[in-house]
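The analysis underlying the following values was restricted to heavy atoms, covering all of them including side chains, and did not include hydrogens, waters or symmetry mates.
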Amino acid sequence: MSFRRGVVRQSKFRHVFAQAWKAEHCIDDVRVSRVTWDSPLCVVNPKFIAVIIEAGGGGAFLVVPISKSGRIDQSCPTVCGHAAPVLDIQWSPHDDNIIASASEDCTVKVWQIPDGGLTSPMTDAIVTLEGHSKRVGILAWHPTAFNILLTAGCDNVILVWNVGTGELVYQLSDTHPDLIYSVSWNKNGSAVCTVCKDKALRVIDPRRGTVLKVREKVHDGSRPMRAVFLSDGKILTTGFSRISERQLALWDTKDLSDPVVIQEMDTSNGVLLPYYDPDTNMFYLCGKGDCTIRYFEVTDESPFVHFLSLYSSKEPQRGAGFLSKRGVDVNKCEIARFYKLHERKVEPISMTVPRKSDLFQGDLYPDTAGLEPALLADEWIAGQDASPLLVSLSGGYSAPPSKHRDTVRMKPKPKLASQDSSSTTPTACSLAAPTSTPTSGAKEMEEEEPLARAATRDTDGNTERPKREDDLLNELLAEMKALRAVVLAQSQRIELLERQLARIEDGDV
């Protein structure tokens with residue numbers, strides 16, 4: 001009998017497992033929006049969590065620090081400057097305090113969130129972009145050029161803006177005959193891929209306004225589709241078959257005549273939202289109304305798309321936010337983190353690679369895209385392209401000050417007014433960090449405890465480690481105190497016995 005070798009595919013992500021955080025680390029009483037639009041409704045960066053919420057008489061979204069947990073008070077301030085429901089929100093990839101929002105009121109607004117979060121309702125945007133004739137439902141920041149924002153609306157038009165000046169840079173009016181479902185930039189921002197209600201996949205050069213590639217009937221079903229560019233230039237699409245089975249497909253932009261691979265998933269009705277991680281070449285599929293999150297790895301070997309596992313829970317998800325790699329906990333081998341939206345709750349879910357070593361795992365964390373933009377807006381408009389500037393995650397990541405941010409803020413039209421970042425007044429809905437005072441023990445341990453607790457704070461001073469790490473630290477400190485007390489008692493006993501032995505040897509007893 002012959003044995004087949006190499007049946008099990010070698011991959012360091014084959015054993016990735018998902019784990020939901022405990023209830024005390026979730027955010028409760030969040031009135032998640034019920035708008036009928038297939039957007040994630042939640043976006044996350046290393047500083048803040050933003051969720052589109054229900055609001056009477058307009059549109060609003062909630063922004064809280066990422067360290068926030070517990071109940072959201074009804075009086076918690078929100079960003080509420082839109083006149084109609086908000087459909088999409090996106091954080092800037094080059095400034096963790098800048099967020100853009102698109103609304104049914106046909107406008108796009110850009111907001112600057114102060115460090116520490118909101119202390120009062122925010123109604124005045126730093127930039128308002130008006131150019132769409134119908135509601136705007138898609139936002140996409142340029143991955144490498146600073147302040148370049150793409151918007152798409154129900155008027156079937158794609159607009160590209162220079163947010164720093166508020167100017168409309170490019171307008172693509174004739175490239176789509178019907179409703180645009182999704183837009184995604186490629187790695188260096190030289191092209192975008194779109195899927196439309198006419199079931200076609202298009203690769204477009206937004207600066208020239210030309211369609212470079214087109215593929216008719218990517219998926220045969222009539223329900224909404226999604227497309228995302230991968231780092232190697234391939235395109236991943238999700239959609240429905242003719243008999244309403246959900247599908248995923250991988251396409252090579254060099255030849256769109258046939259998919260590299262196409263897979264049927266199931267027969268659920270929810271639109272599959274893809275989240276792609278270019279560092280690990282993994283993608284995650286979250287279906288609206290599903291109770292599962294599937295994750296896959298893309299390789300250069302057949303069958304090219306490898307199913308890894310799925311996370312399953314009892315409650316369906318309304319949407320999900322995907323944390324950028326700069327915010328994950330590298331000390332716990334966390335490679336991704338989702339913020340799952342329930343009916344009235346936000347639940348973090350960590351994706352972790354099991355490793356025994358406590359050292360930094362360089363193979364899991366290659367250099368990732370940092371905050372610093374590779375190009376200024378004018379350079380990209382002039383025709384330049386550049387890959388993202390990478391930073392190392394070894395020892396954690398802290399954002400350096402950026403000269404580009406200061407330069408853009410000095411532009412006269414309309415000015416990105418810099419709010420006072422030195423103000424660290426806590427928000428009205430933030431919770432105090434949990435602290436606990438251990439029982440009495442040796443004086444040295446009492447002096448060491450504040451240092452150890454301070455070491456658990458994040459290096460940037462804006463976020464804190466999860467509460468469970470504080471609890472673990474306090475348990476270790478208490479155990480060390482108990483052991484030190486035992487050692488102290490035993491040393492006193494030894495001294496007493498030595499004195500008795502000395503008296504016996506001297507004949508005193």
Side-chain angles (χ1 to χ4, degrees), residues 37 39 82-84 86-90 92-94 98-111 125-186 188-198 200-214 225-229 235 373 375-386 408 411-414 416:
W37 188 259
S39 69
H82 282 286
V86 177
L87 300 181
D88 194 15
I89 49 178
Q90 291 292 331
S92 168
H94 304 126
I98 299 296
I99 186 171
S101 60
S103 169
E104 287 189 1
D105 63 9
C106 306
T107 66
V108 174
K109 294 179 183 287
V110 181
W111 314 83
I126 53 175
V127 177
T128 298
L129 307 175
E130 298 178 344
H132 288 280
S133 59
K134 294 184 179 180
R135 61 179 180 171
V136 189
I138 297 174
L139 298 171
W141 289 95
H142 194 284
T144 61
F146 190 50
N147 273 347
I148 293 294
L149 176 64
L150 181 148
T151 64
C154 294
D155 51 6
N156 311 333
V157 175
I158 290 179
L159 304 180
V160 181
W161 306 85
N162 182 350
V163 176
T165 61
E167 296 174 342
L168 176 62
V169 181
Y170 300 107
Q171 178 171 340
L172 286 72
S173 303
D174 303 324
T175 52
H176 297 87
D178 213 328
L179 179 66
I180 302 169
Y181 285 141
S182 78
V183 179
S184 174
W185 292 94
N186 65 352
N188 64 2
S190 61
V192 296
C193 68
T194 67
V195 284
C196 179
K197 196 172 181 179
D198 65 355
L201 168 67
R202 294 174 175 86
V203 180
I204 301 172
D205 184 342
R207 285 175 293 200
R208 291 189 295 167
T210 57
V211 178
L212 305 178
K213 301 274 186 176
V214 62
M225 299 179 291
R226 290 291 181 274
V228 59
F229 254 119
I235 298 175
L375 297 171
L376 292 177
D378 294 338
E379 294 173 337
W380 181 79
I381 294 170
Q384 297 185 37
D385 293 317
V408 172
K411 289 191 176 181
K413 177 193 174 183
L416 289 184

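- Expressed to the nearest 0.5 Å, how far CG of L159 lies from CG of L168 amounts to 5.5 Å.
- Taken from CG in D378 to CD in Q384, the straight-line distance is 10.5 Å, to the nearest 0.5 Å.
- Note that OG1 of T194 and CE of M225 are 9.5 Å apart. Values are rounded to the nearest 0.5 Å.
- Contact annotation: the side chain of S133 approaches that of D155 to within less than 4.5 Å [non-hydrogen atoms, C-beta and beyond].
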(request) List the steps and the verdict of side-chain contact (heavy atoms from CB on, under 4.5 Å) for N186 and C193. (result) CA-CA 8 Å; N186 65 352; C193 68; over 6 Å; no

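- The salt bridge (Lys or Arg N to Asp or Glu O under 4.0 Å) search around D198 returns R202, not counting sequence neighbours.
- Nearest heavy atom pair, residue C106 against residue R135, reads SG-N, 3.9 Å.
- Looking at S103, its side chain does come within 3.5 Å of a backbone N or O of A84 through a donor-acceptor pair.
- At a threshold of 4.5 Å between non-hydrogen side-chain atoms, the residues P177 and N156 do not count as touching.
- The salt bridge (Lys or Arg N to Asp or Glu O under 4.0 Å) search around D385 returns R207, not counting sequence neighbours.
- Although no hydrogens or angles enter the test, the distance criterion places a donor-acceptor pair under 3.5 Å between the side chain of T144 and the main chain of A386.
- Considering every non-hydrogen atom in both A377 and I148, the closest pair reads CB-CD1, 3.8 Å.
- Closest approach of A227 and S184 over heavy atoms only: O-CB, 3.6 Å.
- The shortest heavy-atom contact between W141 and P93 is CB-CD, 3.4 Å.
- Interatomic distance, OG1 of T175 versus CD1 of I158, reported as 5.0 Å (0.5 Å rounding).
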(request) Test V136 against L129 for side-chain contact (heavy atoms from CB on, under 4.5 Å), laying out the working first. (result) CA-CA 11 Å; V136 189; L129 307 175; over 6 Å; no

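- Distance check, rounded to the nearest 0.5 Å: CD1 of I138 to NE2 of H132 gives 9.5 Å.
- In this structure a side-chain-to-backbone donor-acceptor pair under 3.5 Å is present from S92 to H94.
- The one candidate from V110, N147, V108, N162 that meets the side-chain contact (heavy atoms from CB on, under 4.5 Å) condition with V127 is V110.
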(request) Go through I204 and H176 one step at a time and tell me if the side-chain contact (heavy atoms from CB on, under 4.5 Å) criterion holds. (result) CA-CA 11 Å; I204 301 172; H176 297 87; 3.5 Å; yes

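- With sequence neighbours excluded, the residues forming a ring pair (Phe, Tyr, Trp, His ring centres under 6.0 Å) with H142 are W185, W380, listed by chain and number.
- Residues P206 and S190 share a closest heavy-atom pair of CD-O, 3.8 Å.
- Closest approach of G137 to D88, counting heavy atoms only: O-CB, 3.4 Å.
- For the atom pair CD1 of I126 and CH2 of W111, the computed distance is 10.0 Å after rounding to the nearest 0.5 Å.
- Side-chain atoms of Y170 come within 3.5 Å of backbone N or O of I381 as a donor-acceptor pair.
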